[in-house]
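What follows is one structure encoded as structure tokens, with my remarks underneath.
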Amino acid sequence: KGCGLSVMFCLARHCRPKYSYCTSQPLPKVVLLSGTTGVGKSFMASKLASIIGGELISADSVKVYKKLDVLSNKTSIQIHAKEFGIPLHMVDVVEPTDEFSMAAFCTKGKDVIQDIVSRGKIPIIFGGTCFYAEGLISWDPENKTPKRDAALAQKITKLLETDTTWEESLARLEAVDPISAANLSKNDYFRLVRALEIYEASGKPKSSFSVNGPPKEYDVRGFFMTQTRKALYRELDLRCEKIITHGLFDEICEVFLKNLLSERKSLSSQEVKQIIQRNYPTSSMSIGCKETIDYLLSVRDNPEAAPSNFLAFLQTFQAHTRQFAKKQISWFKNSNVTDYIWLESISSRSQKYPDKRNKGPLQSSQSVEDQLADIVQLINCSPKDFLEALAAPERQLVRDKLALLDKAELRVMKEYQPQTVLFSDKVTWVNEVESIK
């Protein structure tokens, strides 16, 4: 009322406005292109930036680390940005030994946004790290989490050691911060201890420090890319295989293990892991890193079992990646920061990866060019038109298709089994194992 908007959001099943555009002066535009892992955000963001005159800001908690190029799939965005001549920010920011938090990321990132806007360019935030992506447009620097307290963390760790299961320890956090508890992966004691430490130090749940509601400084145009669930999971399983073949073992050895094992060969695997967690407090917790460290140490301890353990390692890596993607969908579906136009991902790669069960390629009916044209139109339109697009029935159908599972899909996904493509024959993965022994 009073600003000329008459969009009836109450008629839309899911879409509700997170903020109002009631202002006499237009706000600077910021594009937020997020999505699940492995759906082509880097290519789309780079191409989009070349069309609208934007600059890229990576919102990825692994790409900030130097030397972790394979693990973060950093090379693809660097190639795309170079190809289209687009400045790329917030990549290779810190060393793997540095502790890097959302607060540190947002402090640096907000300065980058202001610099881009001051030069008349459009910031394009892309990436799938939930807190990082939305924190850049909503984080309040006055609402900082308490600094780490080693003594308090040790006290909490000893308390958790009295529990007999992960579930028992997790219940302690669920009682005071169910939102943070729901976002933890199983056996992620590092983040569990930190969440409990924050609550003990501040009396407030960690989740209350994450983001602070709708942005007030920018006209945010939010887009979320993903695929239908089975197609997404197939893509993620293949992505994990490709990361391994691109040199994951060599990279993890070089960054985390090489010097440690060469200097202290007498250390047990458990001691090595404790030192890594102490010296690489946040980078070593990345998906794919912890699993690879565990596997490589098992190769050192029992070389003969390395081939038989390889497939178990691969399946664990794939499962954790799929679990993270599921959490990304849930997070952005329930975002209290901004609304998103949901987009079905279209692969930017020329090859299509077959679904062995369906005997056909994973295809989409819309071309990349069509999707980019749609996004550009939504960025260039008025705030009123963007809000109307959010509520459009056809866009809600796309959102339902990508975010929700019907009963039939639930049954299919309940029986989902990963498929190996690059390591489908024993010779291939045995050779991979032999190369690292």
Side-chain angles (χ1 to χ4, degrees), residues 32-46 56-65 68-80 90-91 102 105 124-135 183-186 188 191 222-246 248 251-252 282-283 285-292 314-333 335 340 342-349 353 362 364 402-403 405 413 416 418-419 421-422:
L32 178 49
L33 178 61
S34 195
T36 48
T37 300
V39 293
K41 297 185 296 295
S42 298
F43 172 81
M44 291 296 283
S46 302
L56 300 173
I57 303 176
S58 170
D60 188 301
S61 62
V62 188
K63 287 184 174 67
V64 296
Y65 294 106
L68 298 182
D69 300 349
V70 177
L71 181 65
S72 66
N73 196 30
K74 190 187 304 175
T75 306
S76 65
I77 181 56
Q78 292 172 328
I79 291 174
H80 293 321
M90 300 307 289
V91 171
M102 188 203 78
F105 176 85
I124 300 177
I125 304 168
F126 74 100
T129 302
C130 313
F131 292 157
Y132 282 25
E134 294 195 336
N183 284 307
L184 286 182
S185 300
K186 188 173 182 178
D188 189 351
R191 290 186 174 88
F223 303 89
F224 184 82
M225 293 177 61
T226 188
Q227 294 175 294
T228 54
R229 200 64 57 91
K230 186 175 179 180
L232 173 64
Y233 282 9
R234 288 281 182 254
E235 189 75 23
L236 294 179
D237 289 341
L238 179 60
R239 177 187 174 90
C240 291
E241 292 186 79
K242 292 174 73 174
I243 287 175
I244 294 171
T245 62
H246 289 169
L248 177 65
E251 182 172 278
I252 298 301
T282 49
S283 63
M285 300 304 295
S286 306
I287 293 175
C289 183
K290 183 176 181 297
E291 298 86 347
T292 304
L314 173 60
Q315 290 173 359
T316 300
F317 183 16
Q318 291 172 326
H320 289 172
T321 303
R322 295 194 302 269
Q323 289 164 8
F324 178 62
K326 185 178 179 181
K327 289 179 180 178
Q328 288 174 308
I329 292 172
S330 177
W331 173 276
F332 287 100
K333 179 178 66 176
S335 169
Y340 294 89
W342 285 59
L343 305 169
E344 186 168 6
S345 170
I346 302 169
S347 175
S348 62
R349 296 171 288 279
Y353 306 114
L362 306 175
S364 175
L402 298 174
L405 296 177
M413 297 315 301
Y416 178 85
Q419 295 179 345
V421 176
L422 303 182

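Counting only distance, with no hydrogens or angles, the side chain of Q227 and the backbone of V39 share no donor-acceptor pair below 3.5 Å. The closest donor-acceptor contact from the side chain of S61 to the backbone of T129 lies at 3.5 Å or more, if one exists at all. In this structure, the side chain of S34 engages the main chain of G127 through a donor-acceptor pair within 3.5 Å. In this structure, E251 contributes its side chain and D69 its backbone to a donor-acceptor pair below 3.5 Å. In terms of modelled atom types and a separation under 3.5 Å, the side chain of K327 and the main chain of L184 share a donor-acceptor contact. A distance-only check finds no donor-acceptor pair linking the side chain of K41 to the backbone of F224 [under 3.5 Å].
Classified by interplanar angle (parallel below 30°, tilted 30° to 60°, perpendicular above 60°), the ring pair Y416/Y233 is perpendicular. Ring planes of W331 and F131: perpendicular class, angle over 60° (limits at 30 and 60°).
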Steps toward side chain to side chain contact (heavy atoms under 4.5 Å, CB included) verdict (F324, T36): CA-CA 8 Å; F324 178 62; T36 48; over 6 Å; no

Side chain to side chain contact (heavy atoms under 4.5 Å, CB included) assessment of Q419 paired with D237: CA-CA 7 Å; Q419 295 179 345; D237 289 341; 5.8 Å; no

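Here the closest non-hydrogen pair linking F105 and A59 is CZ-CA, 3.7 Å. Of all the heavy atoms in E134 and L32, the pair that sits closest is CG-CD2, 4.4 Å. Nearest heavy-atom pair across A403 and R229 is O-NH2, 3.6 Å. The shortest heavy-atom contact between Q318 and P418 is OE1-CB, 3.7 Å. When all heavy atoms of L71 and S286 are compared, the pair lying nearest together is CD2-CB, 4.0 Å. The two residues I77 and L56 come nearest to each other via the heavy atoms CD1-CD1, 3.9 Å.
Atom CG of residue L238 and atom CD1 of residue I243 lie 10.0 Å apart, to the nearest 0.5 angstrom. To the nearest 0.5 Å, atom OG of residue S42 and atom CE of residue M44 are 11.5 Å apart. Note that the CD atom of E241 and the CG atom of L236 stand 12.0 Å from one another [nearest 0.5 Å]. Between I287 atom CD1 and C289 atom SG the span is 11.0 Å, to the nearest 0.5 Å. Summarising the geometry, atom CD1 belonging to I125 is positioned 10.5 Å from atom CG belonging to L33; distances are rounded to the nearest 0.5 Å. The NE2 atom of H246 sits 8.0 Å away from the CG atom of L422 when rounded to the nearest 0.5 Å.
Here K63 pairs with D60 under the side-chain hydrogen bond (donor to acceptor under 3.5 Å, both in side chains) rule; sequence neighbours left out. Looking at residues two or more places apart in sequence or on another chain, you find a side-chain hydrogen bond (donor to acceptor under 3.5 Å, both in side chains) between T282 and Y65. Applying the side-chain hydrogen bond (donor to acceptor under 3.5 Å, both in side chains) test to R239 and every residue at least two apart in sequence or in another chain returns nothing.
The 12-atom threshold is not exceeded at NZ of K326, counting heavy atoms of other residues, nucleotides or ligands nearer than 6.0 Å.
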